[in-house]
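Side chains included, hydrogens not; waters and symmetry mates left out as well; all remaining heavy atoms used. For clarity, every value in this text was computed on a predicted model and none was experimentally measured. Order of the sequence lines sets the chain letters (A, B, ...), proteins ahead of strands, with each chain counted from 1.
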Amino acid sequence: MKQEITRFAPSPTGHLHLGGARTALFSWLFAKKNKGKFLLRFEDTDKERSKKEYEQSIISSLAWLGIKPDENPIFQSKNIELHRTTALSLLESGNAYSCDCSPEQLNEMRKKQIEQKMQPRYDGLNRDKNLPHKDGNVIRFKMPIQGKTSFQDKILGTISVNNKELDDFIILRGDGSPTYNFSAAIDDQEMKITTVIRGDDHITNTLKQINIFKSLEQPIPNYAHLPMVLSNTGKRLSKRDGAVDLLEYKKLGYLKEALINYLVKLGWTYSNQEIFSKEELLSLFTLEAVNSSPAKFSEELITFYNNHYINSIQVEDLYQLIIKECDVPYEIDSNIHYLEILNLIREGSKTLLDLINQMQFFYEVPQYEERHKESVQANIEVISVFKENINALDFSDLKILENNLKEFLSSNDLKFPQLGKPLRLILAGRENAPSISQLLFFLGYEESLNRINLFLTK
RNA sequence: GUCCCCUUCGUCUAGCGGUUAGGACACCGGGUUUUCAUCUCGGCAACAGGGGUUCGAUCCCCCUAGGGGACGCCA
């Protein structure tokens with residue numbers, strides 16, 4: 001069986017967003033699952049909009065997810081000469097023709113067609129004129145007029161369209177540069193791509209490219225068109241609602257495992273399983289299991305996965321991740337209990353940033369909100385009594401400390417919340433925090449006393 | 001407008017002619033927990049509509065509606 005070769009072919013005109021990342025992921029998974037190769041090709045023929053920084057950003061995003069191309073990136077702009085000569089050869093063989101219609105003429109024509117409720121497309125005016133090719137003329141591909149163009153999509157099934165719906169599209173511009181649709185086809189052929197995996201917005205391009213392959217007498221690759229990822233409003237993903245730079249997610253403290261799991265589950269399923277490691281995906285992934293309907297982006301789901309992975313990776317790894325990838329505005333590593341604290345706080349954390357924020361009070365005296373101050377003042381006597389007795393607590397062992405607390409409460413005839421509520425506010429500056437005994441234990445005798453004193457003297 | 005694709009709980013989805021239509025997220029309750037959370041138990045909630053085919057349609061076919069996409073000398 002021949003080796004599968006797939007490619008991800010973004011144009012470096014923007015950052016990699018969720019939709020692109022999913023396409024790359026599926027393409028990579030499919031190649032790797034089949035012991036094949038995954039390639040990266042930059043479609044950088046639009047000089048105006050293509051930017052080096054975007055190339056870098058896309059490579060970084062893929063690298064973050066652990067998607068590594070098997071060869072150096074290919075730049076479409078480097079193959080222009082081949083595209084041009086191939087276009088000329090099609091002209092030579094009569095599969096393409098020279099056309100001198102001006103852009104203004106074409107606009108006029110489209111306008112009329114739309115008025116007449118026709119599909120706007122080139123009317124074939126110069127198709128059979130055999131015009132001599134000269135500078136300024138474009139070369140158009142001669143699309144078959146009769147019959148249909150069909151292919152078996154690995155996700156969507158049979159896709160078929162009457163050839164009369166396809167128009168004689170331009171393959172070489174007036175300035176001699178090749179157009180995207182042509183270049184992409186030639187490059188796929190050059191790179192010996194076996195399966196083209198891309199968004200379903202490319203379906204009409206596929207139909208055109210298939211005819212290019214036919215006229216060149218070249219094999220036609222397999223195709224798999226992924227349904228689009230829609231925003232939560234059901235519209236196409238845009239900057240406003242989710243098409244942000246993938247690296248933003250990294251900055252916000254999302255784990256790559258969460259992104260991958262979320263992205264792959266957006267359309268792909270394997271029985272009732274929700275959680276997949278990369279290794280599992282690499283052995284289970286098939287294009288046939290990809291759903292054929294578009295999916296909406298869901299903040300809730302991505303958060304669910306992130307929380308899941310924050311809680312399932314090794315706590316040491318989590319610590320390393322925070323130290324290396326995040327800006328922590330306070331010092332963590334001096335505390336001998338830092339891993340236990342991390343472990344305590346991570347349960348309810350949505351992101352790494354969230355986690356860092358949630359455990360800040362362990363390392364710094366909290367800022368007190370006015371309403372919290374008032375709440376504590378209302379119970380200040382209890383705190384004073386507790387302070388007098390804090391010496392009697394054994395801070396060396398969490399379990400013993402917990403028992404000491406109980407003893408203190410019963411000997412002073414107090415219910416737990418009477419002490420717990422204000423004490424928690426003093427120690428943590430918030431209502432949602434670990435248990436009182438854990439707070440005292442991890443903060444330690446001195447810091448606990450310090451915070452109580454600070455509060456009382458204010 | 002024309003063509004292409006899509007349509008099961010709010011969301012992601014399972015289902016591939018006979019199911020009490022399953023799971024996950026979210027949400028809502030109960031229990032556990034000296035707060036929140038965790039954990040646990042339970043609940044709410046869907047086959048877009050209409051025609052066929054069939055003994056029987058979520059599933060096959062057609063139509064309608066809705067959504068998305070494509071219709072550039074952009075990619």
Side-chain angles (χ1 to χ4, degrees), chain A residues 9-14 43-46 48-50 76 99 101-103 106-107 110 113-122 136-140 153 155-157 159-162 164-167 169-181 183-184 199-208 225 227-228 230 232 234-236 262 265-275 291-305 308 311 344-349 358 402 405-406 409 415-421 423-425 428 430-437:
Chain A
S11 62
T13 55
E43 314 225 309
D44 58 343
T45 52
D46 187 331
E48 295 286 302
R49 298 195 301 142
S50 296
Q76 188 155 71
C99 173
C101 294
S102 68
L106 295 172
N107 278 337
R110 277 188 208 107
Q113 285 166 332
I114 289 168
E115 275 168 21
Q116 292 169 43
K117 301 189 194 302
M118 289 165 63
Q119 167 147 231
R121 61 183 209 273
Y122 184 63
N137 278 20
V138 302
I139 295 181
R140 284 185 183 276
D153 190 278
I155 294 171
L156 265 20
I159 292 179
S160 181
V161 70
N162 286 320
K164 64 177 182 190
E165 305 296 340
L166 274 13
D167 72 348
F169 66 103
I170 292 168
I171 58 177
L172 206 64
R173 300 191 182 90
D175 65 1
S177 64
T179 59
Y180 158 78
N181 242 325
S183 294
D200 71 3
D201 50 335
H202 281 279
I203 287 177
T204 45
N205 293 332
T206 296
L207 266 359
K208 289 174 178 175
H225 291 92
M228 304 261 90
L230 271 25
N232 53 6
K235 298 287 176 216
R236 194 179 183 168
Y262 172 70
K265 280 288 293 173
L266 211 52
W268 180 81
T269 44
Y270 182 78
S271 87
N272 270 343
Q273 194 171 335
E274 309 288 341
I275 303 297
N291 195 22
S292 60
S293 53
K296 283 181 196 159
F297 170 77
S298 161
E299 191 72 45
E300 282 162 357
L301 251 193
I302 204 168
T303 298
F304 160 73
Y305 281 114
H308 172 81
N311 282 286
L344 219 50
I345 300 296
R346 68 169 166 175
E347 278 180 1
S349 299
Q358 295 291 329
E402 199 177 324
L405 263 180
K406 282 178 185 162
L409 288 170
K415 291 260 185 284
F416 189 87
Q418 289 176 275
L419 170 68
K421 235 185 134 189
L423 191 53
R424 177 175 290 107
L425 287 173
R430 66 215 306 164
E431 288 159 317
N432 307 339
S435 72
I436 294 298
S437 51

Query raised in the report: In whole Å, what is the span from the CD1 atom of Ile345(A) to the P atom of C36(B)?
Result: 15 Å

Query raised in the report: What nucleic acid atoms does Pro434(A) come within less than 4.0 Å of, heavy atoms only: base, sugar-phosphate, or nothing?
Result: base

Report task. Could you tell me the separation between the NE2 atom of His308(A) and the P atom of C12(B), rounded to a whole number of Å? Result -> 21 Å

Requested in this report: Pick the P atom in C71(B) and in U64(B), then give their distance to the nearest Å.
Outcome: 25 Å

Report task. Using a 4.0 Å heavy-atom cut-off, write out nucleotides 63-73 of chain B from 5' to 3' as B (base contacted by protein), S (sugar-phosphate only) or - (no contact). Result -> -----SSBBSB

**Report entry** Close side-chain approach of Thr45(A) and Ser11(A), heavy atoms under 4.5 Å
**Finding:** no

Query - Whether Gln418(A) side chain and Lys415(A) backbone form a donor-acceptor pair below 3.5 Å - result: yes

Query raised in the report: Whom does U2(B) pair with, Watson-Crick or G-U wobble, provided both distances fall under 3.5 Å?
Result: A70(B)

Requested in this report: Using the test side chain to side chain contact (heavy atoms under 4.5 Å, CB included), find all partners of Asp175(A) that sit at least two apart in sequence or belong to another chain.
Outcome: Arg173(A), Ser177(A)

Query - Results of side-chain hydrogen bond (donor to acceptor under 3.5 Å, both in side chains) for Thr206(A) - residues two or more places apart only - result: Arg198(A), His225(A)

Query - C25(B) pairs with, by Watson-Crick or G-U criteria that keep both distances under 3.5 Å - result: G10(B)

Query raised in the report: Do Arg424(A) side-chain atoms and Pro417(A) backbone N/O form a donor-acceptor pair below 3.5 Å?
Result: no

Query raised in the report: For every nucleotide of nucleotides 40-48 of chain B, 5' to 3': is a protein heavy atom under 4.0 Å from its base (B), only from its sugar-phosphate (S), or from neither (-)?
Result: ---------

Query - Gap in Å between the two C1' atoms, one belonging to A48(B) and one to C59(B), rounded - result: 16 Å

Report task. Would you confirm whether Asp167(A), through its side chain, and Tyr122(A), through its main-chain N or O, come within 3.5 Å as a donor-acceptor pair? Result -> yes

Requested in this report: For C73(B) and C12(B), measure between their P atoms and round to the nearest Å.
Outcome: 36 Å

Query raised in the report: Please give, in whole Å, the distance from C12(B) C1' to Ile275(A) CD1?
Result: 13 Å

Requested in this report: Write down the distance between CG (Asn162(A)) and P (C3(B)), rounded to a whole number of angstrom.
Outcome: 10 Å

Query raised in the report: Who are the side chain to side chain contact (heavy atoms under 4.5 Å, CB included) partners of Asn311(A), not counting sequence neighbours?
Result: Asn307(A), Arg346(A), Glu347(A)

**Report entry** Nucleotide forming a Watson-Crick or wobble pair with C39(B), both distances under 3.5 Å
**Finding:** G31(B)

**Report entry** All side chain to side chain contact (heavy atoms under 4.5 Å, CB included) counterparts of Ser437(A), not counting sequence neighbours
**Finding:** Leu398(A), Glu402(A), Leu405(A), Ser435(A)

**Report entry** Phe169(A): ring pair (Phe, Tyr, Trp, His ring centres under 6.0 Å) partners, not counting sequence neighbours
**Finding:** Phe141(A)

Query raised in the report: Rounding to the closest angstrom, what is the interatomic distance between C9(B) and A24(B) at atom C1'?
Result: 12 Å

Query raised in the report: Roughly how many Å is it from CD in Glu165(A) to P in C4(B), rounded to a whole number?
Result: 7 Å

Query raised in the report: Taking atom CG of Leu106(A) and atom CD1 of Ile170(A), what is their separation to the nearest 0.5 Å?
Result: 6.5 Å

Report task. Using atom CH2 of Trp268(A) as one end and atom P of G23(B) as the other, report the distance to the nearest whole Å. Result -> 20 Å

Query raised in the report: Could you state the OH-C1' distance from Tyr122(A) to C3(B), rounded to the nearest angstrom?
Result: 21 Å

**Report entry** C1' atoms of A21(B) and C47(B), separation to the nearest Å
**Finding:** 8 Å

Query raised in the report: Contact class for Glu48(A) vs. all strands (heavy atom < 4.0 Å): base, sugar-phosphate, or nothing?
Result: nothing

Name the atoms and distances for all side-chain donor-acceptor pairs under 3.5 Å in residues 291-300 of chain A, with sequence neighbours left out.
{"from": "Asn291(A)", "atom 1": "ND2", "to": "Ser293(A)", "atom 2": "OG", "distance (Å)": "3.0"}
{"from": "Ser298(A)", "atom 1": "OG", "to": "Glu300(A)", "atom 2": "N", "distance (Å)": "3.4"}
{"from": "Ser298(A)", "atom 1": "OG", "to": "Leu301(A)", "atom 2": "N", "distance (Å)": "3.1"}
{"from": "Glu299(A)", "atom 1": "OE2", "to": "Tyr254(A)", "atom 2": "OH", "distance (Å)": "3.3"}

**Report entry** Whole-Å gap separating P (U38(B)) and CD (Glu347(A))
**Finding:** 8 Å

Requested in this report: Measure from the side-chain N and O atoms of Tyr262(A) to the backbone N and O of Phe304(A), and report whether any donor-acceptor pair falls under 3.5 Å.
Outcome: no

Query - Side chain of Thr45(A) - closest among U35(B), A75(B), C12(B) - result: A75(B)

Return the polar atom pairs (N/O with N/O) between nucleotides 24-29 of chain B and the protein under 3.5 Å, or none.
{"from": "A24(B)", "atom 1": "O4'", "to": "Glu274(A)", "atom 2": "OE2", "distance (Å)": "2.9"}

Query raised in the report: Starting at the 5' end of RNA chain B and moving along, which residue's nearest nucleotide shows up first, Ser293(A) or Met118(A)?
Result: Met118(A)

Query - With Pro120(A) via side chain to side chain contact (heavy atoms under 4.5 Å, CB included) - residues at least two apart - result: Arg110(A), Gln113(A), Ile114(A)

Query raised in the report: Can you tell me how far C1' in C28(B) sits from the matching atom in U20(B), rounded to whole Å?
Result: 23 Å

Requested in this report: For U54(B), give its Watson-Crick or G-U wobble partner with both distances under 3.5 Å, or none.
Outcome: none

**Report entry** Contact state string [nucleotides 57-62 of chain B, B base, S sugar-phosphate only, - no protein heavy atom under 4.0 Å]
**Finding:** ------

Query raised in the report: Which is true for Ala433(A) with a 4.0 Å heavy-atom rule: it touches a base, it touches only sugar-phosphate, or it touches nothing?
Result: base

Query raised in the report: When we call it a touch if two heavy atoms are under 4.0 Å apart, what does Gly267(A) touch: a base, just sugar-phosphate, or nothing?
Result: sugar-phosphate

Report task. Pick base, sugar-phosphate or nothing for Lys421(A), based on heavy-atom distances below 4.0 Å to the nucleic acid. Result -> nothing

Report task. Please name all residues satisfying side-chain hydrogen bond (donor to acceptor under 3.5 Å, both in side chains) with Thr269(A), sequence neighbours left out, ordered by chain then number. Result -> none

Report task. Using Watson-Crick or G-U wobble geometry with both distances below 3.5 Å, tell me the partner of A48(B), or none. Result -> U64(B)

Report task. Return the 5'-most residue of the pair Gln116(A), Ile436(A) with respect to RNA chain B, ranking by each residue's nearest nucleotide. Result -> Gln116(A)

Query - Rounded C1' spacing from C44(B) to U11(B) in Å - result: 15 Å

Query raised in the report: If you check the Ile159(A) side chain, which of C5(B), C12(B), A75(B) turns out closest?
Result: C5(B)

Query raised in the report: So Asp201(A) and Arg236(A), side chain to side chain contact (heavy atoms under 4.5 Å, CB included) or not? Walk me through it.
Result: CA-CA 11 Å; Asp201(A) 50 335; Arg236(A) 194 179 183 168; 3.1 Å; yes

Query raised in the report: Across the strands shown, which category fits Lys415(A) at heavy-atom distances under 4.0 angstrom: base, sugar-phosphate, nothing?
Result: nothing

Requested in this report: State whether the number of non-hydrogen atoms from other residues, nucleotides or ligands found under 6.0 Å of Tyr270(A) atom OH is greater than 12.
Outcome: no

Query raised in the report: What distance, rounded to whole Å, do you find between the two C1' atoms, one in G68(B) and one in C61(B)?
Result: 24 Å

Query - Sub-4.5 Å side-chain heavy-atom contact between Val161(A) and Ile203(A) - result: no

